[in-house]
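All residue numbers in this chain count up from 1 along the given sequence. Atoms within a ligand are numbered from 1 in the order they appear, just like the ligands themselves. These numbers were taken from a predicted model, which means no experiment stands behind them.
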Amino acid sequence: MTQMTQTPRGLLFVISAASGTGKTTLAERLVQILPNLRMSRSYTSRPARAGEREGVDYNFVSRDTFEAMMARGEFMEWADVFGNLYGTSRQDTERLLASGQDVVLTIDVQGVFQVKALGIDHTGIFILPPSFDVLERRLRGRSADSEASIQQRLRTACREVFHYAEYDYVVINDQLEPTVVRLQEIIAAERSRTHRMTPIALDIIRTFKQ
Ligand code: 5GP
């Protein structure tokens, strides 16, 4: 009889992109399609925008609550983005990974530096828009932000795009569906890496007896 190995730990995927590139939409599509993939809901001190729901888009907390959580070391990573605090709960993410779920985080480049510095095993994916002009059109098109905020997001994008080379994969988000397919391919490739397949491969290989 074969002895099945215990549930392997899930994989951590970290997606970054300039605001307006579409990374949240992409991540949401991915978790709809891939049953073993979950998003870790970030905490933020930013007030909810119209249509955003507590516990769905973010865990919305006061700045004081956020800072208290920071002081207790509850964040795996956190960053000040456009004057608001954003962070990933260490416990929420760890619980998902330990239960064998793959997790996707959509976080800014500062957050990814912290994940790297902590030596946390992850796959980094940087998403680029097809061009600066397309990004500007998308930001204006979603009409969620003031002109000052759009300008700030574009300035930040001009700085952050240079960090693409520090990620494992780069994907251009030209059209949603082909980009979702490309991301699925990356996830499939990462799941198939030899060292991750070893426990399953060994279970199968044990059945090969002559
Ligand atoms: P928004 O306010 O438009 O939802 O997000 C602004 C920026 O904050 C985006 O670049 C988004 O990726 C980033 N962000 C969202 N959640 C987190 C988080 O938990 N950690 C970090 N470092 N950045 C985050």
Do the side chains of I172 and T179 get nearer than 4.5 Å, heavy atoms only?
-> no
Can you tell which part of E160 has a heavy atom less than 4.0 Å from ligand 1: side chain, backbone, both or neither?
-> neither
Could you see which bit of Q114 sits under 4.0 Å from ligand 1, with heavy atoms only: side chain, backbone, both or neither?
-> neither
Once you round to the nearest 0.5 Å, how far does CG of D168 lie from CZ of F126?
-> 13.0 Å
Does a sphere of radius 6.0 Å around CZ in R182 hold more than 12 heavy atoms from other residues, nucleotides or ligands, not counting ones at 6.0 Å or beyond?
-> no
With sequence neighbours left out, write down each residue that passes ring-ring contact (aromatic ring centres under 6.0 Å, His included) with Y58, or none if nothing qualifies.
-> F60, Y86
Around atom 3 (O) of ligand 1, find the nearest protein heavy atom and jot down its residue, atom name and distance.
-> R49 NH2, 3.1 Å
Would you mind telling me if ligand 1 is within reach of the side chain of Y58, the backbone, both or neither, using heavy atoms under 4.0 Å?
-> side chain
Proximal ligand 1 atoms for G87, defined as those under 4.0 Å from one of its heavy atoms = 18 (C), 19 (O)
Considering W78, F75, Y43, Y86, which one's heavy-atom position lies nearest to atom 6 (C) of ligand 1?
-> Y86
Counting from 1 in the order shown, the ligand 1 atoms closer than 4.0 Å to a non-hydrogen atom of R46 are 1 (P), 2 (O), 4 (O)
Among all protein heavy atoms, pick out the one at the shortest distance from atom 16 (N) of ligand 1; state its residue, atom name and that distance to 0.1 Å.
-> S42 OG, 3.2 Å
Is there side-chain contact between E74 and Q91, with at least one heavy-atom pair below 4.5 Å?
-> no
Any chance CD of E177 has more than 12 other-residue heavy atoms, nucleotides or ligands included, within less than 6.0 Å?
-> yes
T106 and ligand 1 - part of the residue with a heavy-atom distance under 4.0 Å | backbone
Short list, please: which atoms of ligand 1 are under 4.0 Å from a heavy atom of G111?
-> 22 (N)
Roughly how far, to the nearest 0.5 Å, is the CG atom of L183 from the CD1 atom of I187?
-> 6.5 Å
Here the atoms of ligand 1 under 4.0 Å from any heavy atom belonging to T88 are 19 (O)
So F75 and F66, would you call those rings parallel, tilted or perpendicular, with 30° and 60° as cut-offs?
-> parallel
Contact check, R153 vs ligand 1, heavy-atom distance below 4.0 Å = yes
Nearest-neighbour protein heavy atom for atom 7 (C) of ligand 1, which is reported as residue plus atom name and distance | V81 CG1, 3.6 Å
Geometric N/O contact F82 with ligand 1, under 3.5 angstrom = no
For atom 20 (N) of ligand 1, the closest protein heavy atom turns out to be E77 OE2, 2.8 Å
Specify the protein heavy atom at minimum distance from atom 23 (N) of ligand 1: its residue, its atom name, and the distance to 0.1 Å.
-> D108 N, 3.2 Å
For ligand 1, which part of K23 has a heavy atom less than 4.0 Å away: the side chain, the backbone, both, or neither?
-> side chain
Drop me the distance from R90's CZ to S40's OG, to the nearest 0.5 angstrom.
-> 12.0 Å
Decide if atom CZ of R196 counts as having more than 12 heavy atoms of other residues, nucleotides or ligands within a radius under 6.0 Å.
-> yes
Donor-acceptor contact below 3.5 Å, side chain K23 vs main chain A17 | yes
For ligand 1, which atoms, with element, lie under 4.0 Å from some heavy atom of A79?
-> 22 (N)
